[in-house]
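Everything below concerns the one structure shown next.
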Amino acid sequence: MCETNRGEESPKTIKVGVSACLLGKKVRFDGGHKRSHFIADSLTGYFEFVPFCPEVAIGMGTPRQPIRLTGDARSPEAVGVKTPELVVTQPLRDYGRKVAGNIDELSGFVFKKDSPSCGMERVKVYGSKGMPERSGTGLFAREIMRTHPLLPVEEEGRLNDPGLRDNFIARVYVYARWKALLDSGLTKSALISFHAGHKYLVMSHSTVMYRQLGKMLSDFTRASLEDIADSYIAALMQALGKPATRKRHTNVMQHLLGYLKNNLDSAHRADLGETIDAYRRGEYPLVVPIRLLQHHFSIHPHPYIKQQVYMNPHPQALQLRNHA
Ligand code: SF4
């Protein structure tokens with residue numbers, strides 16, 4: 001894995017779709033916006049956001065009648081809140097399908113929570129008795145996710161959780177690297193190198209999945225390279241979708257410590273081991289032992305660790321590991 005492919009060094013060429021109101025665009029039904037400081041200020045330094053407002057795109061205008069989901073949560077209708085005769089179900093679906101067919105360039109998507117068009121999950125659906133159940137998905141978001149099941153997606157509200165935020169941004173970078181690999185030409189060695197570079201990142205999510213992914217690449221005679229690659233990335237994105245845990249991070253860092261055992265004296269080894277253990281006990285955020293490991297590996301570089309995405313899954317300036 002090329003070092004310049006890692007999060008820290010990636011240029012701002014990664015494109016991420018976003019509900020337009022989150023960027024501060026005044027496209028809401030009431031003429032307002034829902035600007036997210038994290039998205040509009042912090043992440044714009046790293047990603048090129050591509051905004052979509054499905055309700056404006058289907059011609060509802062701004063300001064407009066608010067809509068809501070009604071009926072069966074699996075196949076709801078989008079109707080006017082005050083004017084139920086206003087039904088925009090099909091236009092929203094059609095627009096979602098049209099966009100979904102043209103976003104291969106995106107490496108992630110951030111949706112506005114609770115929206116009958118953009119909400120990713122737990123959107124209110126009003127049944128026949130008029131009582132809402134939080135069981136729906138926005139009609140636009142549904143089409144994007146259905147067509148692109150591997151695309152990292154998240155809602156802006158969930159990005160307030162440090163663990164989910166860290167996880168989502170890391171997945172966007174992984175997916176962007178995967179697309180870059182395909183663009184540069186899929187080869188057996190490129191696939192094996194990609195997997196090697198992601199070893200410890202996957203292990204922080206699931207040791208079992210790391211082994212399974214390795215197995216997938218152990219026999220290239222069982223299927224075509226393209227089929228193996230398709231299965232591989234599907235399993236990888238699924239594995240990374242499960243949040244990493246403190247216990248698994250500890251396990252990974254103890255493995256990393258092993259690469260330094262011949263370089264550190266006993267006092268430094270003990271200090272590093274104690275710092276990792278203090279992280280395990282919840283006394284430090286992840287950034288503390290990681291920075292210490294980075295410090296030691298900068299003095300004692302190891303070629304295998306240098307290629308590990310785990311050491312730097314996203315830009316350090318975003319401080320995503322400071323609260324994880
Ligand atoms: S949630 Fe979606 S449809 Fe609603 S204003 Fe934002 S971008 Fe437009």
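First listed ligand is number 1; within each ligand, the first listed atom is number 1. In this chain, numbering begins with 1 at the start of the sequence shown.
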### Message
Looking at His268, I'd like to know if its NE2 atom is crowded, meaning that more than 12 non-hydrogen atoms belonging to other residues, nucleotides or ligands lie closer than 6.0 Å.
### Response
no
### Task
Could you pull out all residues at least two apart from His249 that satisfy ring-ring contact (aromatic ring centres under 6.0 Å, His included)?
Tyr310
### ring pair (Phe, Tyr, Trp, His ring centres under 6.0 Å) between Phe297 and His302, intermediate numbers included
CA-CA 7 Å; Phe297 280 117; His302 190 291; 7.2 Å; no
### Message
For a ring pair (Phe, Tyr, Trp, His ring centres under 6.0 Å) check, start with the C-alpha distance between Phe109 and Phe49, then their side-chain angles and the critical distance, and finish with the verdict.
### Response
CA-CA 9 Å; Phe109 211 117; Phe49 280 109; 9.7 Å; no
#### Entry: Numbered atoms of ligand 1 (with element) below 4.0 Å of Arg64, judged on heavy atoms
5 (S)
#### Entry: Subset of ligand 1 atoms that lie under 4.0 Å from at least one heavy atom of Phe52
7 (S)
### Query
Parallel under 30°, tilted from 30 to 60°, perpendicular over 60°: which one fits the rings of Phe140 and Phe52?
tilted
### Task
Around atom 6 (Fe) of ligand 1, list the protein N/O/S atoms within a radius below 2.8 Å, excluding water molecules.
Cys21 SG
### Task
Compare every heavy atom of Pro51 with every heavy atom of Leu23, then report the nearest pair and how far apart it is.
CD1-CB, 4.0 Å
### Task
State, without any angle test, whether Arg291 and Gln316 hold a side-chain donor-acceptor pair at a distance under 3.5 Å.
yes
